[in-house]
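No experiment lies behind these values; they were computed from the predicted model shown.
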Amino acid sequence: MGRGTYALARVAVYTRTAGIALWWTGLVAAGVGLAVPGLTGRRAGILGGAALFLVAAAAAFLARRRRCTGLIRTSTAAGKWVVLHDRAVTVRGWLRRRRWWLAAAFLAAAASSLAAPAAGGLLLAGAGAGLWAKAVWLGRWERRNEKLLWVRPEWADGRSPSRGDVRGWMTTGPLAGDAAPGGARRRSPVPGAARERRPRARVTAAAR
């Protein structure tokens, strides 16, 4: 990328990807856990896991809600020279950097079934459901305001960006990048639209 150019990724895609990854990791771990009687028995494990599912879903949805609202309120229009990551690039990057964390979470959830079958897996699945609901909430804001929310990938991953003036969220028009609500995959392509396109707003291109 040229001087002054930096990449942005959809906030809703990041959130939805995390939710789906935790959801399926938790469901698989819960399925494995059902094969183990456990100390408490399957019935107690499932009932306890259901309670943990609801608590984790609510906590994941509400966590940092005020911070997200503040970032939305202070978001600024994306500069002229930015590269927008499409959904596939964002998903691959998120999974690649967190694959070992997901593997460790799966093993921990499956191992917890020795005490309470399926409880750990349902806890992970609940966190995933809460993050998915948060992605839907972000998508509704985007649709209502006809703007898309973007973030520097390194900031979303907990790394310090090279430019201190782009630590917050940024916005583009609704035609920039992958504009499916809530970071979802488009079920059918928009007629005449390309996976990689030049948006109308002050953005250079949507990169693969």
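Clustering ILVMFWY residues whenever any of their side-chain heavy atoms sit less than 4.5 angstrom apart, transitively, puts L71 in the very cluster that holds L62. Both L131 and F61 belong to a single network of hydrophobic side chains, linked directly or stepwise wherever heavy atoms of I, L, V, M, F, W or Y lie under 4.5 Å apart. No single ILVMFWY cluster, assembled from side-chain heavy atoms under 4.5 Å apart, contains both L52 and I46. Residues L22 and L95 fall within the same hydrophobic cluster, defined by Ile, Leu, Val, Met, Phe, Trp and Tyr side chains chained together at heavy-atom separations under 4.5 Å. With hydrophobic clusters built from ILVMFWY side chains whose heavy atoms lie under 4.5 angstrom apart, Y14 shares a cluster with V91.
In this structure, S75 contributes its side chain and I72 its backbone to a donor-acceptor pair below 3.5 Å. At least one donor-acceptor pair closer than 3.5 Å links the side chain of T40 to the backbone N or O of A115. R140 contributes no side-chain N or O that, together with a main-chain N or O of W137, makes up a donor-acceptor pair within less than 3.5 Å. R42 contributes a side-chain N or O that, together with a main-chain N or O of L34, makes up a donor-acceptor pair within less than 3.5 Å. Remark: the backbone N or O of G19 is not paired with any side-chain donor or acceptor of K134 at under 3.5 angstrom.
Side chains of L8 and R152 form a contact here, defined as non-hydrogen atoms less than 4.5 Å apart. Residues W169 and C68 meet the side-chain proximity criterion, which asks for heavy atoms closer than 4.5 Å.
Paired with W150 under the rule side chain to side chain contact (heavy atoms under 4.5 Å, CB included), one option of T172, V13, V11 passes, and it is T172.
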*Give the intermediate values and the outcome of side-chain contact (heavy atoms from CB on, under 4.5 Å) for residues F106 and V32.*
CA-CA 10 Å; F106 170 79; V32 172; 4.3 Å; yes
*Could you please spell out the steps behind the side-chain contact (heavy atoms from CB on, under 4.5 Å) verdict for T171 and L149?*
CA-CA 5 Å; T171 61; L149 296 167; 3.9 Å; yes
*Candidate pair R10 and L148, rule side-chain contact (heavy atoms from CB on, under 4.5 Å), full reasoning*: CA-CA 7 Å; R10 281 278 305 281; L148 299 181; 4.1 Å; yes
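Open room surrounds CH2 on W24; 12 or fewer heavy atoms of other groups in view lie less than 6.0 Å from it.
The two residues P37 and P117 make their nearest non-hydrogen contact at O-CG, 3.0 Å.
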